[in-house]
Every structure is written in structure tokens, then in C-alpha cells.
There are 2 protein chains.
Amino acid sequence: MSNQAPPNEGSMASASSDVPTFAPLYRQIRALILRSLKEGEWRPGDMIPSETELATRFGVSQGTARRAIDELAAENVLVRRQGRGTFVASHLQRVNQFRFLKLRPDGGDLEPFSGKVIECRRTRPPASLARQLRLRPGEAAILTRRILQFGPEDTVLDEIWLPAERFKGFSAEGFESYQGLLYGYLEAEFGVQMLRAEERLKAVLAQPEQAGPLGIAVGAPLLQVERVSFTYDEQPVEVRRGFYVTTRHHYFNQLG
Amino acid sequence: MSNQAPPNEGSMASASSDVPTFAPLYRQIRALILRSLKEGEWRPGDMIPSETELATRFGVSQGTARRAIDELAAENVLVRRQGRGTFVASHLQRVNQFRFLKLRPDGGDLEPFSGKVIECRRTRPPASLARQLRLRPGEAAILTRRILQFGPEDTVLDEIWLPAERFKGFSAEGFESYQGLLYGYLEAEFGVQMLRAEERLKAVLAQPEQAGPLGIAVGAPLLQVERVSFTYDEQPVEVRRGFYVTTRHHYFNQLG
DNA sequence: TAGTGGTCTAGACCACACG
DNA sequence: GTGTGGTCTAGACCACTAC
């Protein structure tokens, strides 16, 4: 490629149709890397080609490939490790266990937790959920309810909705074998990588449906956390409603 | 400066003692820019010198100065505007009004809000607060209580603690004249820029102290939000306890 | 037209990990 | 030692803003 490339005539920009043509080169490269990830060329935990290899492959300078990788690393899609290489992020890595779980014990450090599935069935979702998951009319969903224990205490009750078609073979046993790490299970067994989520929090009073499983009194305060999670291309693939007992724990957030 | 600079012999690295010596050049430049900001050389809303000017001033290449600025822009300390220049972020800018307020109406867009101070006095803080604000023994604090209205509804009750020495002259009138924008007031009148905050959330039941001002029933569920805010050098300068009514609003959070 | 940030390149060397 | 990412430089040109 010429040194002073005109705005958008990168050799690959015109060669691939599903990549935006009028964007900086490094964004086009970023999109191409994302496509390879989405298509499974490199799987979670894998090392991707080096910066120079990618630069050659895409016909750009190493600095441009680097910038694309930088963005993806900043979004936690890739992980750079000096001297070793660049890797596809995985929810099974230690460092990611708490990326989507903001609950912390009031005093002290992160606690290990364990999950206990109390219900798991295929069912017809309410209309609002079908909309959020962008299901086709009549498409079924999987409903899973589980308890998270922090130490000995039942702390979280989750009601998790997944599109049934995408997760054929989903089972309570499979889920539990991943020690409560839903996204690890989905990634390893179904090839679905969760990248991003939105949460909406409210304070509510415990109803019998929550009080029973959690072993607390009806009318006790609960933190209700509604989550929609997205994979590649901003596709929603999970809707979850959690109820957190916040007597000895809190939801931690950083504002920047 | 020579082309291949040895790890850390930048001309300014050795010249200034309060900047870490063993760090990449661009981090040293970042620290120097931060120092100028902290010392007030450039104030919120000001344009800072161009990349090339900063590069010359600090004896590095434009690319290195650029990278330092990039980091500060990513942290919302600076704001870049193509063709115009780079500016010091200000809490009085529109775009920053909701940077530290995650409460959203359940349906629809961001709502304008207004603040109403119901108490404002100098007092001796509880020990835990004195510790969080790193006050010297016996040092006084300012306690402010205020209500935030979203539309016509009383939605938030805040109890705000500030170190009295740093905010001499703080008044309910001054605060209210900034339309509920505490950080705008602190920035404009006291030269304190809030950069970052930590929040800890719990679900609680309304006590009479909260139910009264908010006009709700005792025992209603409230979202309790404890915040510690930091200015330059990770200095805590505000501790706040908020009670959010979440019947028609929710706390919104993005997980990456 | 002049000045700003934004993109892209090419090449050098450093720091780190692993065999 | 070899290969990886990390830092730094120099220089070119593009895109946007304001005068």
C-alpha cells in the first residue's frame, strides 16, 4: 500500500463488502479481525497472528494493525501479553470471572462463589422477553433459575432467559459443571462469546418467589438487576433478572 | 532528543523530581500535563497548547505528546475537538451533566433535573467519614442534604459530606445557583475538578429520615448509593450517601 | 489560508518470554 | 537466540475549523 493512502482505498476495503468502506483503515482492519473471531478462525484462549503477520495479511503497516488490536484489547475482546503474543479473551480465564459480576462482600476481597441450578426448562417466553432477545414469533426460550452462594450464604437468585435455538443441548448439568460460570459454559460448548451487557437496577421488596429460594423474609429489600447481554454485532443473546441480597454485600461500580 | 532514547533519560525526566523516573516517556509527559492542570495553568474549558507545542516544550516527538494526550482524553480529563484544539474537560459542559449520575427514567430519554437544598451546615463528621475524606483529627466537614427532582417527582435524597477547609465559603445559595450541578459549583468556585468516583449500592427500606423528605412511605424500598469521589492524585474530596426512589427510574450501568 | 487534530507509514530499539 | 509486544521518532498527508 502506498505511503500516503487516499482516505479509503485500502486494498481490502473494496475487496470485502460487509466492512464499512468509509472509515479509517485501522477500523476496517478491526472489523476484519472481528469477522475472523466471529467466524471462529481463532477461538477463545487462542493466540492470534502477530502484529506484523496481520499487517502483511491485510496489506497495511504494522502500526495500523497495532492500532486495530489496541482497540480490541481496550474492549476486552483481545488480551495482549508482552513477549508472548495476543490472545482471544476467554470467560474461563481467572481474570474474567468477575468482569460481569459486580457484587462484592462489604468488607474485604472478592469471594469465591458457587452456583446451584434450581430450575431449567424450555418454555415460551413472555412477549417482552421475546422482543428483547429478538426471537422470531413462536420461537422458544430456555429458562434457568439458579442460586449463587458467596461463602455459605445464598446471595443471588438469577432468572436467566436464552434463545433455545442457539443453545440446543443446554442443560442444568452442563451449566453446573462450569461452576456457575454461565459465559464460560456458553463459550466452550456453544461458541457464543459474551462481549458486553447493560444492567438496570432497582430496589424492590422480596416476593414469596424470591424469598423462598433465598431463605429470607417476604418484604425484605432486594437489589433487582436486569441484564441484557450481547455478543458480536450487538446481538442480544441473554436476558437475566437477578435478585441480590445486599445485607453483607454490595454492587460496586466505578464512575469515570 | 536522540531518536532511540534509552529507556528513561528524557530531558525532563531527570529535571522534575515528582514525576516517576522509570516509566515510559508518554507517561512522564502525561504526569507533567496533569501537574499543569492541577496547578491551574490551564483551567476547565481552556484550550491547552497544541500537540506540537507540547512536544517542543517537553522535548519529545509529537507522537509521544499525542499519546499522553490520548490517555488523558480517554479518562475524560481532556477533550479533543478536531480542527479546534484540545480542551480541559468541565463539569459545566452539557455532555458531562450525566457522567456521574446513572439514574434514568424507565422509559425514554434522559430527563432534566433540579436540585433543592434542605440542609447545609458545618459539623463534625463521624469517624468513618473523617477517615474516608482523610481529614486531620478534629477537622470539620460540611454536610449538605438535598433533593433531586426528575420532572415533578422527588427521586433522590443526597447526603453530601465535604472537607470544610477545602471548601471555605460553600453555601446552599451558591450550590443551588448551579442548578444541582455540585461538581460544576466545586470546579468553578473552588477549583476542584472531580475526576473519578466509586459507588457501592444496596437495597434498603426507607427510614423516617428518608421517607419524610422524599414523600414516600416508611418501609418502601430504596436504592442506597454510597459514593466516594476523587480529584487529582487520587485524593478523596467528597463522600455522599444517596437514596434513590426506583419506582419509575433505574440505575443504569454498562458492563464491558 | 493557516492551524488544529486524525491517520498512516517506515524504521529503530527496548523489554519480556520461552526454548 | 528468536519472536513477541511496547516505545519512540520523523515525516507525510487528510479532515475539520476559523478567520
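Every chain is numbered from 1 and lettered A, B, ... according to where its sequence line falls, protein lines coming before strand lines.
When heavy atoms are screened at a 4.0 angstrom cut-off, B:Arg67 is found touching the sugar-phosphate backbone but no base atom.
The pair B:Glu75-B:Arg196 fails the salt-bridge criterion, with no side-chain N (NZ, NE, NH1 or NH2) lying under 4.0 Å from an Asp/Glu carboxylate O. Ion pairing between a basic and an acidic side chain is recognised when a charged N comes within 4.0 Å of a carboxylate O; B:Arg27 and B:Glu71 show such pairing. With respect to A:Arg104 and B:Glu198, no salt bridge is recorded, no charged nitrogen being found less than 4.0 Å from a carboxylate O.
Residue A:Tyr26 contributes atom OH, which lies 16 Å from atom C1' of C:dT9 at whole-angstrom precision. Protein atom CD of B:Glu51 is 15 Å distant from nucleotide atom P of D:dA10, rounded to whole Å. Atom CZ in B:Arg66 sits about 15 Å away from atom C1' in D:dA10, given to the nearest Å. The nearest whole Å value for the distance from the CD atom in B:Glu71 to the P atom in D:dG6 is 13 Å. Atom-to-atom, CE of A:Met47 to P of C:dA17 comes out at 14 Å; the value is rounded to the nearest Å. A straight line from CG of A:Asp70 to P of C:dT7 spans 13 Å, rounded to a whole angstrom. The distance from atom CG of B:Leu25 to atom C1' of C:dA15 is 15 Å, rounded to the nearest whole Å. Whole-Å rounding puts the B:Gln62 CD to D:dC13 P distance at 15 Å.
The phosphate of D:dT7 (OP1 or OP2) has no side-chain N or O of B:Thr64 nearer than 4.0 angstrom.
A heavy-atom distance below 4.0 Å to DNA chain D is reached by these residues of residues 77-87 of chain B, ordered by number: B:Gln82, B:Gly83, B:Arg84.
Within the 3.5 Å criterion, the main-chain N or O of A:Gln193 finds a donor-acceptor partner in the side chain of A:Thr231.
Other residues, nucleotides and ligands contribute at most 12 non-hydrogen atoms within 6.0 Å of the CD atom of B:Gln179.
Between B:His249 and B:Asp106, the shortest heavy-atom contact is C-OD1, 3.4 Å.
Looking at the side chain of B:Pro24, the nearest of the listed nucleotides D:dT4, D:dT9, D:dC8 is D:dC8.
Taking the ring centroids of B:Phe98 and B:Phe113, they lie under the 6.0 Å cut-off.
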